[in-house]
Protein chains: 2
Amino acid sequence: MYDKLIDHIHQNTPGPGIDKQIIAEYFTPKCYGKKEHFLKQGYICRLAGFVIEGCSRNYMLSTEGKEVNIGFNFENWWIGDVCSFVNQTPSLVNTQFLENTTLLTITAKNHLDLLNKSQYFREYTNKLRSKATLASVQNLSGLSESAKTRYRVLLEKYPKIQQRVSQKHIASFLQITPEALCRLRKSEIS
Amino acid sequence: MYDKLIDHIHQNTPGPGIDKQIIAEYFTPKCYGKKEHFLKQGYICRLAGFVIEGCSRNYMLSTEGKEVNIGFNFENWWIGDVCSFVNQTPSLVNTQFLENTTLLTITAKNHLDLLNKSQYFREYTNKLRSKATLASVQNLSGLSESAKTRYRVLLEKYPKIQQRVSQKHIASFLQITPEALCRLRKSEIS
DNA sequence: TAAAACCGTTGACCTAGATCAAGACTTTTA
DNA sequence: TAAAAGTCTTGATCTAGGTCAACGGTTTTA
């Protein structure tokens with residue numbers, strides 16, 4: 001299990017890598033059930049997690065209380081609201097598991113310790129976070145495309161998403177209604 | 001001039017602050033003209049800048065080559081594409097000045113040195129970046145609101161934006177046409 | 001295992017915002 | 001300072017996607 005994280009770090013950051021022993025010391029495995037929340041708006045994000053198996057969605061609430069999906073987290077990616085985690089302030093983001101999920105979790109304190117201790121881990125963290133930021137900016141500008149284009153881009157990025165995520169949640173991420181997604185898919189096939 | 005940055009760091013991060021001497025050593029003032037680009041898609045972001053005076057817009061290109069504004073940078077904020085700056089990879093983002101602008105700039109190498117040297121500066125950087133990420137995620141979910149609501153939110157965030165940024169660019173940020181913004185403003189007043 | 005809740009699909013109709021065109025006003029450039 | 005280019009506004013028309021309603025299939029819960 002630890003190897004998955006170690007590999008991910010090493011694949012993303014050239015350098016010495018990180019000892020399994022250190023990972024085992026700083027990270028704790030945790031299991032969550034489908035539909036369970038990892039983080040709720042208003043609470044402080046006290047843990048960050050690396051997805052070993054399973055998936056989740058991140059969503060925010062609109063002014064009328066409607067849930068708007070802003071992203072999905074599959075294997076080999078991090079979950080947790082960076083802003084809340086770093087500043088230890090209440091989160092605006094919700095994270096809910098869409099499958100039974102296994103994480104390697106780390107506390108804010110441990111994460112800070114590891115950052116201060118290892119320049120290599122700092123580099124990895126900076127890279128990862130900057131990529132996550134780029135992704136959300138790309139999604140932002142991507143919303144200027146038609147729903148059909150956004151759907152195609154999503155399928156390119158996550159070819160198997162249809163097998164794992166309901167249309168309802170995909171539609172919410174595309175910022176269209178489930179009805180619109182349904183029609184869009186029909187027209188796409190033909 | 002350096003004081004503006006020093007104040008900003010100190011206001012955002014409790015702690016010892018940073019010596020003026022260090023700032024002067026690591027940062028270089030630069031002036032740019034209106035319409036000039038700070039960063040263009042495809043190029044590597046070699047400098048980050050702190051806005052002393054002036055403003056700029058960040059935009060990306062849609063699949064049809066249309067410019068889509070993803071944000072504005074006013075005084076006391078950073079400019080530069082974090083992903084390109086951290087990874088020294090080609091940027092997907094463009095940054096263009098909307099006024100004559102003065103920046104305090106820092107090279108990627110100097111920034112890395114300062115991060116490795118000062119835990120305090122690391123903390124500041126982490127906080128700032130996490131806030132920037134939150135902002136783009138908020139904009140992303142915000143696009144599920146009506147154009148009128150988005151416009152109102154923008155005016156709340158930047159009360160003076162109408163005096164400094166053309167409606168064309170505000171419309172692009174709201175992801176509507178200038179015509180739609182014009183009508184929206186008319187209806188808003190009455 | 002029956003009832004209730006949820007999900008995807010389809011149809012009919014509606015609306016926010018797009019597109020295209022044109023005129024007045026302002027800014028830039030030669 | 002005159003011409004050219006860009007900006008804002010308004011009108012007429014169009015369309016992608018929303019809303020509401022209904023039905024069959026599946027999953028959850030009692």
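Letters A, B, ... mirror the listed sequences (proteins, then strands); counts begin at 1. Scope of the values below: all heavy atoms of this structure, side chains included, with no hydrogens, waters or symmetry mates.
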Every protein N/O lying under 3.5 Å from an N/O of nucleotides 19-24 of chain C:
residue: C:dT19; atom: O4; partner: B:R183; partner atom: NH2; Å: 3.1
residue: C:dC20; atom: N4; partner: B:E179; partner atom: OE2; Å: 3.3

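For DNA chain C, the neighbouring residues in residues 141-149 of chain B, judged by any heavy atom under 4.0 Å, are B:S146, B:A147. Taking a 4.0 Å limit (strictly below) on heavy-atom distances, residues 150-158 of chain A does not reach DNA chain C anywhere.
By the ring pair (Phe, Tyr, Trp, His ring centres under 6.0 Å) test, B:F72 pairs with B:F173, sequence neighbours left out. The ring pair (Phe, Tyr, Trp, His ring centres under 6.0 Å) test applied to B:Y43 returns no partner, not counting sequence neighbours. With sequence neighbours excluded, no residue forms a salt bridge (Lys or Arg N to Asp or Glu O under 4.0 Å) with B:K40. Checked against side chain to side chain contact (heavy atoms under 4.5 Å, CB included), B:N116 has the following partners two or more places apart in sequence or in another chain: A:Q119, A:R122, B:L112. Legend: residues meeting salt bridge (Lys or Arg N to Asp or Glu O under 4.0 Å) with A:E36, ordered by chain and number and at least two apart, are absent. Residues forming a ring pair (Phe, Tyr, Trp, His ring centres under 6.0 Å) with A:F74 (at least two apart in sequence, or on another chain): A:Y158. Annotation: salt bridge (Lys or Arg N to Asp or Glu O under 4.0 Å) contacts of B:R57 (sequence neighbours excluded): B:E67.
The residue among B:L181 and B:K34 whose nearest nucleotide of DNA chain C is located toward the 5' end is B:L181.
An end-to-end axis angle of 60° holds for the helix from C:dT1-D:dA30 to C:dA30-D:dT1, taken from five base pairs per end and rounded to 10°.
In this model, the phosphate group of C:dT9 is approached by a side-chain N or O of A:R185 to a distance below 4.0 Å at OP1 or OP2.
Salt bridge status for B:E75 with B:R164: present, with a side-chain N to carboxylate O gap under 4.0 Å.
Rounded to a whole Å, the CD atom of A:Q167 is 10 Å from the P atom of C:dT10.
Considering A:L115, A:V82, A:L114 as possible partners of A:T125, the one that fulfils the side-chain contact (heavy atoms from CB on, under 4.5 Å) test is A:L115.
Nucleotides of DNA chain D that come within less than 4.0 Å of any heavy atom of chain B span, from the 5' end to the 3' end, D:dT7 to D:dA12.
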